[in-house]
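Here the structure is a predicted model, which means the values were calculated and not measured. Atom set for the values below is all heavy atoms of this structure, side chains included, hydrogens, waters and symmetry mates excluded.
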Amino acid sequence: MITREQIATVLDHPVHDARGDKIGDASHVFFDDVTGEPEWVSVKTGLFGTSESFVPIHDAALVEDHLEVPYAKDKVKDAPNVDIDAGGHLSEQEEQRLYQYYGIDWDAAWQDPRTGTGQMPGTTGTADAADDSMTRSEEEMHIGVERREAGRARLRKYVVTEEQQYTVPVRHEEVRVEREPITDTNRDRAMAGPDITEAEHDVTLYEEQPVVETRAVPKERVRLTTEEVTEEETVTGEVRKERIETEGTEEQGDQRRRH
């Protein structure tokens, strides 16, 4: 069990579970109003320590520079949120919720020698172990960012067919009849054949026709890259502050004063 003299070593030091995993840092130690013994320790958990979870300190042990509690990390982090009044106290109902969550027999606690036989455990308050003063704490908002997947991009190549038109010059041969009179120059060739006969003479005609063929030609390369763009977003959160009242003092006309 942690003694009052060890509280200064506990506060703001790591809290580990039974397996040695760090749960968070000890923020406050709460004492039983009847016995004055440490009952609970609040542990800062979550991102930047923005949450606090309560865990029994009765069976905890101080190991080197950290506090070790006999509960799993997830068990502590999932502990119910409880309200603390302006004086830094847990109500009987809130403490009973914590007893139930951690499986501690509320009725058996009546018989605990620390509280006296048959005596209901007292409400629990927080105080500084160094003297009789009370520690006032405030929550501070710490903003961070976390990286998460926002979407996926993919390159996909597919084939489309489109019609293209080109004008291509083509050539073809046509028959043209040429007649020339008989002259002294061509007379011999003209008279070389028989006088009267039937004959045929063929001429082959040629033409050009457009021929279409396709071939794959590389045009460009496409790749996916990412770039970071910074934007500003406004976040809103709530923080709690402890207030301390004084009674029975002569300050400010013996009126209650809040800090």
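Screening Y101, Y99, F31 against W40 for a ring-ring contact (aromatic ring centres under 6.0 Å, His included) leaves a single residue, Y99.
The environment of CG in N81 is sparse: at most 12 heavy-atom neighbours from other residues, nucleotides or ligands sit within 6.0 Å.
Side-chain contact between I7 and P38 is present, with heavy atoms from C-beta onward closer than 4.5 Å. Using a 4.5 Å heavy-atom threshold, the side chains of L205 and V175 count as touching. With a 4.5 Å cut-off on side-chain heavy atoms, Y71 and P56 count as touching. Between L155 and V222, some side-chain heavy-atom pair lies under the 4.5 Å cut-off. Inter-residue side-chain proximity for V55 and V43 is flagged as met; some heavy-atom pair is nearer than 4.5 Å. In this structure, the side chains of D12 and D25 stay at 4.5 Å or more apart for every pair of heavy atoms.
E208 pairs by the side-chain contact (heavy atoms from CB on, under 4.5 Å) definition with V170, R171, not counting sequence neighbours. Legend: residues meeting side-chain contact (heavy atoms from CB on, under 4.5 Å) with R187, ordered by chain and number and at least two apart, are I182, D184, M191.
The backbone N or O of E52 sits nowhere less than 3.5 Å from a side-chain atom of T45 that would complete a donor-acceptor pair. Using modelled atom types, no side-chain atom of N186 and backbone atom of R189 make a donor-acceptor pair closer than 3.5 Å. Remark: side-chain polar atoms of E173 are paired, donor with acceptor, to backbone N or O of Y206 under 3.5 angstrom. Here the side chain of S53 pairs a donor or acceptor atom with the backbone of V76 at under 3.5 angstrom.
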Practice problem: Determine, stepwise, if the pair E207 / Q209 fulfils side-chain hydrogen bond (donor to acceptor under 3.5 Å, both in side chains). | Solution: CA-CA 7 Å; E207 67 178 3; Q209 292 183 347; 3.3 Å; yes
Exercise. Just do the side chain to side chain contact (heavy atoms under 4.5 Å, CB included) check on E140 and K241 with the steps written out, would you?
Key: CA-CA 9 Å; E140 295 182 352; K241 298 181 179 180; over 6 Å; no
Practice problem: Go through H66 and H16 one step at a time and tell me if the ring-ring contact (aromatic ring centres under 6.0 Å, His included) criterion holds. | Solution: CA-CA 7 Å; H66 66 271; H16 291 200; 4.1 Å; yes
Quiz prompt | Step-by-step side chain to side chain contact (heavy atoms under 4.5 Å, CB included) determination, E139 to M141 | solution = CA-CA 7 Å; E139 292 180 339; M141 185 177 294; over 6 Å; no
Quiz item: Which is it for D59 and V69 under the side chain to side chain contact (heavy atoms under 4.5 Å, CB included) test, yes or no, and what are the steps along the way?
Solution: CA-CA 7 Å; D59 295 323; V69 296; over 6 Å; no
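To the nearest 0.5 Å, atoms CD (Q6) and NE2 (H13) are separated by 12.0 Å. In this structure, CG on D17 lies 5.0 Å from CD1 on I23, to the nearest 0.5 angstrom. Remark: Q93 CD to L98 CG distance equals 12.0 Å, nearest 0.5 Å. With rounding to the nearest 0.5 Å, the separation of CZ in R97 from CG in L90 is 10.5 Å. In this structure, I57 CD1 and L67 CG are separated by 5.5 Å, a value rounded to the nearest 0.5 Å.
The hydrophobic cluster containing V159 does not contain V217, counting ILVMFWY residues as joined when their side-chain heavy atoms lie under 4.5 angstrom apart, directly or transitively.
Residues E94 and Q96 bring no donor and acceptor atom of their side chains to less than 3.5 Å of each other.
By the 4.0 Å N-to-carboxylate-O rule, R240 lies too far from E238 to be salt-bridged with it. Electrostatic pairing of E213 and R215 counts as a salt bridge here, judged by a charged N lying under 4.0 Å from a carboxylate O.
Sequence neighbours left out, not one pair with a member in residues 63-76 passes salt bridge (charged side-chain N to carboxylate O under 4.0 Å, His left out).
Taking the six-membered ring where the residue is Trp, the centroids of F54 and F30 are separated by under 6.0 Å.
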